[in-house]
2 protein chains.
Amino acid sequence: MNTRPTGARERLLASAKTLFAEQGYERTTVRAVAQAAAADPALVIRYFGSKDGLFARAVEVDLRFPDLATLPREERGSRLARHVIALWDGPDGATLLPMLRACATHETAAETARGIFAGQVLAMVKGLGLSDPERRAALVASQVLGLVFCRYILGLPPVVAMDADAVAAGLGPTLQRYLHGAIT
Amino acid sequence: MNTRPTGARERLLASAKTLFAEQGYERTTVRAVAQAAAADPALVIRYFGSKDGLFARAVEVDLRFPDLATLPREERGSRLARHVIALWDGPDGATLLPMLRACATHETAAETARGIFAGQVLAMVKGLGLSDPERRAALVASQVLGLVFCRYILGLPPVVAMDADAVAAGLGPTLQRYLHGAIT
DNA sequence: CAATTAGGTCAACGGTTGTTGACCAAGGGT
DNA sequence: ACCCTTGGTCAACAACCGTTGACCTAATTG
């Protein structure tokens, strides 16, 4: 008979991802998340323990790198570039954005990002069996995150205007050299 | 006879730069800035109008690009790379950091950054008289900001570990291609 | 049928925030 | 001597924050 008030937990998580992505950690209030989810602020604490707990749940993420080792060596750079924008332009981008935003001001988020770098980016590079994997992974991360930062956070018009082909043409050779070229 | 209480304005601005750089915009409170400057919180509003006004004053910035046109063409990429880390490792970095941090969560800061891109980065690239200046400037910005983000905000260990020579060796050829190579 | 529990509501708490306005001290110009 | 500007202090405001605990309701379980 009632307006079956259920599923608030999932709605809270969805609202949290959206708001954290749009406003970052500090400006996103527990009350705003609750209101967007048509739920009570107290439920956030009930289900996630604290605002930090909510955030931690909202930014669990998987970069889903393709297995570059199975590709022809010379295609890996542009393949990686295309994967990056496909990932960020797709639905996963909504959960990647809040983390990147939060990294700028929230040390625990930055630590999470360092963990992702060590666990996924570095692991991918090491999987290719290259020399200097740390250095190469660092360069790859710097170019990839720079593109993402300029495109999705800063919103630099010429970066936003680039389509997948343009990104592959621009970043492909760079990533190719970071993976397989001379870097010292 | 008194402890001559003067010069609070300059001390407030200096403290603001430091705190904004360390904690970002939202977590830096007016009271904390005042306390660090051994001044009264009310003076912030008196002198700068509001917290936003204080921030705006704290992030006025000049990228101080060298005149690449006077250099041999093939040296420009690595020269630019060296300039970037010299700038950010130097004292100017303390005023650049808060802006970059704030860009992630503060739209007005992002807009300021877009203005700097259009006014300084794009202008520098256009000064070289190249084709596709917007695209080239966009690529340069993505690589430079990515390095800065990974090194000073994320603190990725392999990126932090790089010295000026390593950065020049890694990013130099990339920036060289973004400036003078084929990018389509 | 009784009792427990999960899911959700409500009002309030203590603390912190940005901002305001009234007040005070010194010192130079007329 | 008077005034008035400059530079600074102080206490307080209203609003908003994250968090808490008491309470209600409906469904499930024994």
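For the numbers below, each heavy atom of this structure counts, side chains included, while hydrogens, waters and symmetry mates do not. To find a chain, count down the sequence lines: A is the first, B the second, and so on, and within it residues start at 1.
Summarising the geometry, the separation between CZ on B/R27 and C1' on D/dC16 is reported as 18 Å, rounded to the nearest angstrom. To the nearest angstrom, C1' of D/dC10 lies 12 Å from CZ of B/R31. Between the CG atom of A/L19 and the P atom of D/dC17 there is a distance of 12 Å, rounded to whole Å.
Listed by first and then second residue, the side-chain hydrogen bond (donor to acceptor under 3.5 Å, both in side chains) pairs involving residues 139-158 of chain B are A/S142-B/Q143, A/Q143-B/S142, A/Y178-B/Q143, B/D89-B/R151, B/D89-B/Y152 (not counting sequence neighbours).
Of the residues in residues 40-55 of chain B, those placing a heavy atom less than 4.0 Å from an atom of DNA chain C are B/A42, B/I45, B/S50, B/K51, in numerical order.
Remark: side-chain polar atoms of A/R136 are paired, donor with acceptor, to backbone N or O of A/S131 under 3.5 angstrom. Listed for the A/K126 side chain is no donor-acceptor partner under 3.5 Å among the backbone atoms of A/A137.
In this structure, B/F65 and B/H83 have tilted ring planes: the angle between them lies in the 30° to 60° band.
Side-chain contact of A/R27 with B/H106: a donor-acceptor pair under 3.5 Å is present, judged by distance alone.
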